[in-house]
There are 2 protein chains.
Amino acid sequence: MAATISDIARKAGVSLATVSRVINKSPAVSDKSKKKVESAIKELNYIPSAYARGLSRNQSNIIGVIVPEISNPFFSEVIDGISSVADRQGLNVLLFNTDENIEKEARAMRILQEYRIRGLIITPVTGNNEYDKKYVEMFENMNLPIVLVDRNIKNSNFDGVYFDDKAALYKITSLLIENGHKDIALLAGNPNHVIAQKRIEGYQDAFEAADIKPYPQNILAGDFTIESAYQLTKHLILTHRIPTAFIGMTNMLSMGCLKALSEFNIAIPEEVAFIGYDRLAMHDILHLNLTLVEKDAVDMGRKAAGLLIDKINGKSTSSNRFILMPELLMRGSEKYPLRNPNERTFTEK
Amino acid sequence: MAATISDIARKAGVSLATVSRVINKSPAVSDKSKKKVESAIKELNYIPSAYARGLSRNQSNIIGVIVPEISNPFFSEVIDGISSVADRQGLNVLLFNTDENIEKEARAMRILQEYRIRGLIITPVTGNNEYDKKYVEMFENMNLPIVLVDRNIKNSNFDGVYFDDKAALYKITSLLIENGHKDIALLAGNPNHVIAQKRIEGYQDAFEAADIKPYPQNILAGDFTIESAYQLTKHLILTHRIPTAFIGMTNMLSMGCLKALSEFNIAIPEEVAFIGYDRLAMHDILHLNLTLVEKDAVDMGRKAAGLLIDKINGKSTSSNRFILMPELLMRGSEKYPLRNPNERTFTEK
DNA sequence: GTGAAAGCGCTAACAA
DNA sequence: TTGTTAGCGCTTTCAC
């Protein structure tokens, strides 16, 4: 059995209260008592119980972090950012991975409440529109500081750190249009998701602003996996034609699309233009000088944690929502292609 | 204030014990009481306190997970594997990221002890040989089920899930030698680390077995970052010559090396052979058909969690150590190059 | 500067 | 099947 505070008190010849004061660095303790207590602590290798403390203070040091896909680099970087800030504040991170699964999410939320967490940082599972309405109730019932990351909940307005994806798509699309593109494919993920909808809007708005009609079949709908983007791109190449430009709506979708392009040896930017999301190590490594929207996940995590901590401390200022504006990193892959790859014939590998 | 068990008892007109029984699914409760309790729970939105339960049971449901670099895909996948298994067992994951920093690691360990965790899964910080000795004491003093992942501690023998990196390097190097290579550069990370040492041994043993003397300057020592591998490769190319083959000892080192090769437009496998670690999405995407050692991080995480749970349950079988044997994924990049890039002149970009 | 004692919310042994 | 009660280890008031 681990040593308890009374073991220390007995050993040091003082009361429980004094030991507690030493542990909590209360100034009102004589140096002599303090010394005695400290050496007893060392001797018995005493480590206070988070449970006893939590119970008696009726408060925890835990924040909950719920992500939908921990092995996605975006989220592991978000966690990195959160964890570094939380650490500095003496808050500990209880982590849950939902795998985009609503039941898992609900279970995680429940468990976190058992831990009486101080606050919650969550990227909610998406794709179930029915469920979206329940979030609002659920979150409000929890009566807990909550910060969302990257995904807002439909028809609601929770505090959080978001990225203006609509603006990003608008910017990307406009840039391409300015470069002479009209035939622009969009790897659009699952269009039932808010994520996708906002971005598609941005894409369409840019066309509208330029007074051009986009080809509806250029919006390649599927899900958010690499595989889906890969298949859709391949299908487009084999059965239709190759547009002059591709847009990857997320890093996963970009990867799938790039994979297909590479498989057919379609060169960027000589044969097609490409603009994606997120700077990935692989781009640099391969000298793929892609023009990109930069989305700094670590920073988003840090900001989310900062926001949460402010809320925990009641420092809820006017701005409890960060909406990060997209910046384009221009590297040339937006240019109108020199050659038209449609003159070649493509057959399944 | 959250509702407590006594609120429920009062509301349901039963005793605390009965409520507790219902919560813990004890069978010895009449249907009638059960119903009453359950509806009271629902009505008051009662959620038991993990602290009170932990204190009274003197036990937690938490396992600690300590990784040195959460944004490294290897570790986020390990966490993915751990978390999926832990979840199924009703264990919650308290996560710490040490950033390869010993102080942070010590702090994490301390906090985890405050939570009276059931067990610990850790990839210890490396690089400080002095400190390595302390681990043994520290871990043994904690008297806690501990499972290491990927890194063992020097001169010790902790349970864990390891990968036989020495065998991997032996296999890689032998394969290259069989293909006619003699001039093989090894991106070796920091040779003070156990990780690096074992692998260098494998490399050297393969040469010895083939009765060839390796060039000492082909062991490129630095640290484990992409940048370090990039600089070392670049330096080798500019100041010495280009070997016929490169080996990346970790995925990070491979990336740095590939980046430099790509910068000089040195083609794989036409001009140099390359063998790396870990299948990364980028390889597929870019049709870099690299021959690789496969290291399944998610699986290592799952195995680690399985091992830990067995230890927690006292099912410590004979094998509390997994040493995964490397498998080579052969894709052609091991071949002896067709052209000799040394005939070109290389200048800094 | 120090100590006694009540209480945090729950479990579990015991009694009924 | 149910209830009573004594803790679990700590914090915190209050009195000294």
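Just so we're on the same page: letters track the sequence lines, and every chain starts at 1.
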#### Entry: Those residues of residues 31-51 of chain A lying under 4.0 Å from DNA chain C by at least one heavy atom
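Going residue by residue through residues 31-51 of chain A, the ones with a heavy atom under 4.0 Å of DNA chain C turn out to be S33(A).
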### Task
Could you identify which residues of residues 12-22 of chain A place a heavy atom less than 4.0 Å from some atom of DNA chain C, listed by residue number, or say none?
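Correct list: V14(A), S15(A), A17(A), T18(A), R21(A).
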### Query
Do N190(B) and H193(B) come close enough that some side-chain heavy atom pair is under 4.5 Å?
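With C-beta onward as the side chain, the pair touches.
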Can you give me every donor-acceptor pair (side chain of residues 46-56 of chain A, partner residue at least two apart or in another chain, under 3.5 Å) with its distance?
from: S49(A); atom 1: OG; to: Y51(A); atom 2: N; distance (Å): 3.1
from: S49(A); atom 1: OG; to: A52(A); atom 2: N; distance (Å): 3.0
from: Y51(A); atom 1: OH; to: Y115(B); atom 2: O; distance (Å): 3.4

### Task
Counting heavy atoms from C-beta on, name the nucleotide in dT11(C), dT2(C), dG9(D) closest to the side chain of A52(A).
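In terms of side-chain proximity for A52(A), the closest of dT11(C), dT2(C), dG9(D) is dG9(D).
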### Task
Check the side chains of D80(B) and S71(A) for a donor-acceptor pair under 3.5 angstrom, ignoring hydrogens and angles.
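A pair is found: one side chain offers a donor N or O, the other an acceptor, under 3.5 Å apart.
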#### Entry: Q59(A) versus R116(A), side-chain donor and acceptor atoms under 3.5 Å
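No - no donor-acceptor pair under 3.5 Å links their side chains.
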Nearest-angstrom distance from the residue atom [atom1] of [X] to [atom2] of [N]:
X      : N       : atom1 : atom2 : answer
I8(B)  : dG3(D)  : CD1   : P     : 15 Å
I5(B)  : dG9(C)  : CD1   : C1'   : 7 Å
R10(A) : dT2(C)  : CZ    : C1'   : 18 Å
N61(B) : dC10(C) : CG    : C1'   : 14 Å
L55(B) : dT11(D) : CG    : C1'   : 12 Å
Q59(B) : dG9(C)  : CD    : C1'   : 17 Å
I23(A) : dC10(D) : CD1   : C1'   : 8 Å
R53(B) : dA12(C) : CZ    : C1'   : 14 Å

### Message
Closer than 4.0 angstrom, basic N to acidic O: yes or no for E114(B) and R107(B)?
### Response
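So E114(B) does not pair with R107(B) through a salt bridge.
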### Query
Salt bridge or not for K35(B) and D31(B), using N-O below 4.0 Å?
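The answer is no: the pair does not qualify as a salt bridge.
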### Message
Go through it in stages, so that I can follow the logic: the residues are N45(A) and N141(B), the test is side chain to side chain donor-acceptor pair (under 3.5 Å), and I'd like the CA-CA distance, side-chain angles, deciding distance and then a yes or no.
### Response
CA-CA 9 Å; N45(A) 207 342; N141(B) 279 342; 5.6 Å; no
### Query
Hey, is the side chain of N24(B) poking within less than 4.0 Å of OP1 or OP2 on dT11(C), counting only N and O atoms?
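It does, given that an N or O in the side chain of N24(B) lies less than 4.0 Å from OP1 or OP2 of dT11(C).
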### Message
Side-chain N or O of S30(A) versus OP1/OP2 of dT2(C): is the shortest distance under 4.0 Å?
### Response
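Checking dT2(C) against S30(A), a side-chain N or O does come within under 4.0 Å of OP1 or OP2.
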#### Entry: Point-to-point distance, once rounded to the nearest 0.5 Å, from OG of S83(A) to CD1 of I63(A)
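So the OG of S83(A) and the CD1 of I63(A) are separated by 9.0 Å.
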#### Entry: K34(B) atom NZ, neighbour heavy-atom count above 12 within 6.0 Å
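Counting other residues, nucleotides and ligands, NZ of K34(B) stays at 12 neighbours or fewer.
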